[in-house]
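Keep in mind that the numbers below use all heavy atoms, side chains included, and drop hydrogens, waters and symmetry copies. Every number for a ligand or one of its atoms is a count from 1 in the order of the listing. Because the structure is predicted, anything quoted here is derived from the model rather than measured.
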Amino acid sequence: MTQDEQKRAAAEAAIKHVPIGCIIGVGTGSTANYFIDELAKIKHKINGAVASSDATAKRLKSHGIEVIDLNNVDDLPVYVDGADEITEHLHMIKGGGGALTREKIVAAVAKKFICITDETKLVNILGNFPLPIEVIPMARSYVAREITLLGGQPALRQNFITDNGNIILDVHNLQILNPVELETKLNQITGIVTNGLFARRAADILLLGTVEGVKTMSY
Ligand SMILES: O=C(CO)[C@H](O)[C@H](O)COP(=O)(O)O
C-alpha cells in the first residue's frame, strides 16, 4: 500500500472504535480528513463532533456532520487524530498542521485517544520531525532564546498564524530521549501556549497503516 492508502486504511479501521450515539472528537490533517470522510458514512449513528481546528470544522460541516462546542460536552468517549511522529510508547509529536493547541485540549477531554497514521510516522526516538511550539507573538524572541538553551534550533514558521492568532516555532535538532520530561520543561516557559509533545497525555491506541495492512498497537 502507498502512504496515502495506509492513511486511508488506518482511518477506515478507526470507525470500529466510534461508539453509537456518541459525540466524537476529530483531529486535523490529511489522515484525519480520511477519517471524516468515513465518519460521514455513519453520521446518522453519531450525535455530532468536536473539531480540533477551523479546517476540521469546515470539513465536518461539508459532510453534514454537526460541529459541537467543546464547552457544551461533558462526555467525549473517543478522539481520533493523526501524528507527525509516534513511538512504541505512543508518545507523539504533533502540530505539523499547526493545530496542536486545540488538538491537545480535545485530547485532554477525551477518554480514549486513537491515533491513526501510516508506518512512516513510527519512530524509535522523537525529534527527527521538528517539534512545533505555539507561542504568543510578543514572546517569540524570549522563547527562542530559552529553547536554544535547551539545545534546540527554533525556526519561525513562515506565513502562518494559528487558529488562536499565535505563531509557531518549529524546533530542529532535538533528540527527545525523555518526552514527558521535555514536555513538562517546555510547559514552564512563559509565552509558550502549547508544545507539540503529546507524552503526558499520549495516545491510547495506535492504528498503524502498513504495507501488510493495519496494525493495532497499545502500550
Ligand atoms: O498534528 C497535526 C496537525 O496539527 C496532524 O495530526 C499531524 O500533522 C499529522 O498530519 P497528517 O495526517 O496530514 O500526516
Engineer: Counting only heavy atoms closer than 4.0 Å, does ligand 1 sit against the backbone of D81, its side chain, both, or neither?
Structural biologist: side chain
Engineer: Considering distance alone, does some N or O of G95 sit under 3.5 Å from an N or O of ligand 1?
Structural biologist: yes
Engineer: May I ask you to identify, for A83, whether its side chain, its backbone, both or neither come under 4.0 Å of ligand 1 on a heavy-atom basis?
Structural biologist: backbone
Engineer: As an exercise, identify every atom of ligand 1 less than 4.0 angstrom from a heavy atom of T31.
Structural biologist: 11 (P), 12 (O)
Engineer: Got an N/O contact under 3.5 Å between A99 and ligand 1?
Structural biologist: yes
Engineer: Looking at E5, I'd like to know if its CD atom is crowded, meaning that more than 12 non-hydrogen atoms belonging to other residues, nucleotides or ligands lie closer than 6.0 Å.
Structural biologist: yes
Engineer: Which atoms of ligand 1 have any heavy atom of D84 under 4.0 Å away?
Structural biologist: 1 (O), 7 (C), 8 (O), 9 (C)
Engineer: Return yes when atom NZ of K58 has more than 12 non-hydrogen atoms of other residues, nucleotides or ligands closer than 6.0 Å, and no otherwise.
Structural biologist: no
Engineer: Show me which atoms of ligand 1 lie under 4.0 Å from any heavy atom of G82.
Structural biologist: 6 (O)
Engineer: Looking at D69, I want to see if its CG is surrounded by more than 12 non-hydrogen atoms of other residues, nucleotides or ligands under 6.0 Å.
Structural biologist: yes
Engineer: Got more than 12 heavy atoms from elsewhere within 6.0 Å of CG, D54?
Structural biologist: yes
Engineer: Closer than 4.0 Å to some heavy atom of K94 - which atoms of ligand 1 meet that?
Structural biologist: 1 (O), 2 (C), 5 (C), 6 (O)
Engineer: Please say whether more than 12 non-hydrogen atoms of neighbouring residues, nucleotides or ligands are located less than 6.0 Å from CZ in F160.
Structural biologist: yes
Engineer: Under a 4.0 angstrom heavy-atom cut-off, which atoms of ligand 1 come close to T28?
Structural biologist: 2 (C), 3 (C), 5 (C), 6 (O)
Engineer: So that I can tick it off, tell me whether E183 and K104 are bridged by a salt bridge, with the cut-off set at under 4.0 angstrom between side-chain N and carboxylate O.
Structural biologist: yes
Engineer: With a 6.0 Å cut-off (strictly less than), is the heavy-atom count around CG of D74, excluding the residue itself, greater than 12?
Structural biologist: no
Engineer: Between R200 and T184, is any pair of side-chain heavy atoms under 4.5 Å apart?
Structural biologist: yes
Engineer: Can you tell me the protein heavy atom closest to atom 2 (C) of ligand 1 and the distance?
Structural biologist: E103 OE2, 3.3 Å
Engineer: Quick check on contacts: which atoms of ligand 1 are under 4.0 angstrom from a heavy atom of S30?
Structural biologist: 11 (P), 12 (O), 13 (O), 14 (O)
Engineer: For ligand 1, which atoms sit closer than 4.0 Å to a heavy atom of G29?
Structural biologist: 13 (O)
Engineer: Can you find a non-hydrogen atom of G98 under 4.0 Å from ligand 1?
Structural biologist: yes
